[in-house]
Amino acid sequence: MSEGSKPGLIEMLPEQGPTERPRAAPRLRQAERRQVSLRPVSLDALLPADHRARFVWAFAERLDLSDLYGAIKAVEGHPGHPPADPRLLLALWLYATVEGVGSARELDRLCREHIGFEWLCGGVGMNPTTLAQFRVAHGAVLERLLVDSFAAMLKTGHASLERVAQDGMRVRAAAGAASFRRRASLERCRAEAAAEVARLRAELEADPGHLSRRQAAARLRAAAEREQRVAAALAAAEELAAKQPEDRRGQDEDPPGPEDGAAAKRATKPAPEPRVSTTDAEARVMKMPDSGFRPAFNLGFASDPRSTMIAAVTLTNTGADKGQLRPMSEWLAEAYGQRPGEHLVDGGFAKLADIEALAAAGVAVFAPVPKPRDPARDPHAPRDGDGPGVAAWRERMGSEAAKAIYKERAATAECVNAQCRNRGLLRFLVRGLEKAKAVGLWHALAHNMICTGRLLAT
């Protein structure tokens, strides 16, 4: 380009490299959900051979369910809709308990979406009502199955009743703290509930077509159940008020010593008026492990340190463990035909009358001795008024051998409690002592099922 001339258009553009080709669209494997395909497979082929559902079914097949089969009314040659196999329902709840599922609606969903539960169903349809009713309707059968599962391991030598560890844990009840009311408030609630039932009945009689039959029946049923719960709460409040003096005397049954110096003050202090829940009349406010106070039940297990299997289950609405040592030993003797030779409990179970009674029956109790107020006094020395069993207990707990044996209590009982907590035993979704104990039995039976597989595999 000559001097003084203007540059052309091409010359003004910057220099460019080789021309880049446009990038092609990526090739992907995308989902096609409307494609029709025929797959010759079965549920059994879809489930792995080592799946836990197969182990649960194998365990359920060995259980004696004659009581459940005997109650079925639909028999061959007679009319009636056939129900689901009780062994199937039992296996579903055992598997659900192991997996931490405690809701019937959630279990119903899993029966349609989870391959393990679907394999157990084997094409049998489920619904939440059937599942929920089966879970809490057979407490006596579950207790017998628990005894059978432990007795079977006793025969093989994998379990033992020579020594048991007993402990209790507080499980949150299906009742809110705001549902607890005193007697006067319960009277008002009962009057309001009765008035609501009368209003709904009058409304239904005046205009039967206002609501559908299903809606009217549901509303009337809910109001009637509310009235029944309030009436049950009022009856429980009256019963608690009548038992308060007896309970106070029972708390101070053991002779007061230096460590029980507050007994006289408790006897003169007036008891507060009891409060009962309108949601669950049998639930009681208890001190929880986090030091808070909430509605709960006291669930107790007696377990074997050798196998860590559960031999017995108790459930009470008393927050204290005192007084539950002797009943557990007697229940074990009746269920298995023998008492445990050694009974390990924490300090909350140490009632002197129970220790004396078990010593007379040949049972050695291992429980910590209360620390005396006088630091100069030996806590393991017999005290005035001690019976031979209590005196032997105090001396026994001062030995190194007894301290080594007592260490097994936490390693056994606390471990069992923790495993049940990990499987979802944090709060009862049912109401009442009977139904809550049934849930506790499900957890105990599922725990023994897991222990059985572990013990037989070794």
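Side chains are part of it too, since the values below use all heavy atoms of this structure and drop only hydrogens, waters and symmetry mates.
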Tell me if a side-chain donor or acceptor on W393 pairs with a main-chain N or O of A367 at a distance below 3.5 Å.
yes

Would you verify whether the NZ or CZ of R396 falls within 45 degrees of the ring axis of F366 while also being under 6.0 Å from that six-membered ring's centre?
yes

Taking the side chain as every heavy atom from C-beta outward, state whether H343 and S329 have any atom pair closer than 4.5 Å.
yes

Minimum heavy-atom distance V365-V345, with the two atoms named:
CG1-CG2, 4.3 Å

Determine whether R182 and E273 make a side-chain contact, defined as any pair of heavy atoms from C-beta on separated by less than 4.5 Å.
yes

Who passes side-chain hydrogen bond (donor to acceptor under 3.5 Å, both in side chains) against S149, sequence neighbours left out?
N448

Under the salt bridge (charged side-chain N to carboxylate O under 4.0 Å, His left out) rule, collect the residues that match up with R52, sequence neighbours excluded.
E99

Does CD belonging to E106 count more than 12 external heavy atoms closer than 6.0 Å?
yes

Does a salt bridge link R163 with D304, judged by any charged N lying under 4.0 Å from a carboxylate O?
no

Checking W442, F117, W119 against Y95 for ring-ring contact (aromatic ring centres under 6.0 Å, His included), the one that qualifies is F117

With salt bridge (Lys or Arg N to Asp or Glu O under 4.0 Å) as the test, would you mind laying out the steps for R170 and D321 before giving the verdict?
CA-CA 10 Å; R170 282 62 171 169; D321 295 325; 3.5 Å; yes

Evaluate the criterion side chain to side chain contact (heavy atoms under 4.5 Å, CB included) for residue pair R54 and L47; output intermediate values, then yes/no.
CA-CA 9 Å; R54 295 184 183 273; L47 193 73; 3.7 Å; yes

Check: R454/T308 side-chain N/O donor and acceptor closer than 3.5 Å:
yes

Do E408 side-chain atoms and P305 backbone N/O form a donor-acceptor pair below 3.5 Å?
no

Can you name the residues that form a salt bridge (charged side-chain N to carboxylate O under 4.0 Å, His left out) with D378, not counting sequence neighbours?
none

Would you say R421 and M169 make side-chain contact, with heavy atoms under 4.5 Å?
yes

Would you say that L89 contacts L131 through its side chain, given a criterion of any heavy-atom pair below 4.5 Å between the two side chains?
yes

N317 side chain vs R284 backbone, donor-acceptor pair below 3.5 Å:
no

Got F297 and V171 here, is their nearest side-chain heavy-atom distance under 4.5 Å?
no

Less than 4.5 Å apart, any side-chain heavy atom of V430 and any of D280?
no

With the side chain counted from C-beta on, respond yes when M153 and S307 share a heavy-atom pair under 4.5 Å apart, and no when they do not.
no

Test: R326 and E330 ion pair at under 4.0 Å
yes

With sequence neighbours excluded, residues passing side chain to side chain contact (heavy atoms under 4.5 Å, CB included) with P379
V369, P372

So which heavy atom on D354 is nearest to which on Q324, and how close?
OD2-N, 4.2 Å

Do L92 and C111 come within less than 4.5 Å of each other through their side chains, counting heavy atoms only?
yes

Any ion pair linking D67 and R144 (charged N to carboxylate O, less than 4.0 Å)?
yes

Whether E118 and R112 form a salt bridge (side-chain N of Lys/Arg under 4.0 Å from carboxylate O of Asp/Glu) is what I want to check.
no

Sorted by chain and number, sequence neighbours left out, salt bridge (charged side-chain N to carboxylate O under 4.0 Å, His left out) with R409 holds for D167, E414

A193 to E227 - nearest heavy-atom pair and separation
CB-CA, 3.7 Å

Taking CD in E61 as the centre, count heavy atoms belonging to other residues, nucleotides or ligands within less than 6.0 Å. Is the count above 12?
yes

If I compare all heavy atoms of V124 with all of A84, which pair ends up nearest, and what's the gap?
CG1-CB, 4.2 Å

If the condition is side-chain hydrogen bond (donor to acceptor under 3.5 Å, both in side chains), which residues does E192 pass it with, not counting sequence neighbours?
none

Salt-bridge present (D290, R294; N to O < 4.0 Å)
yes

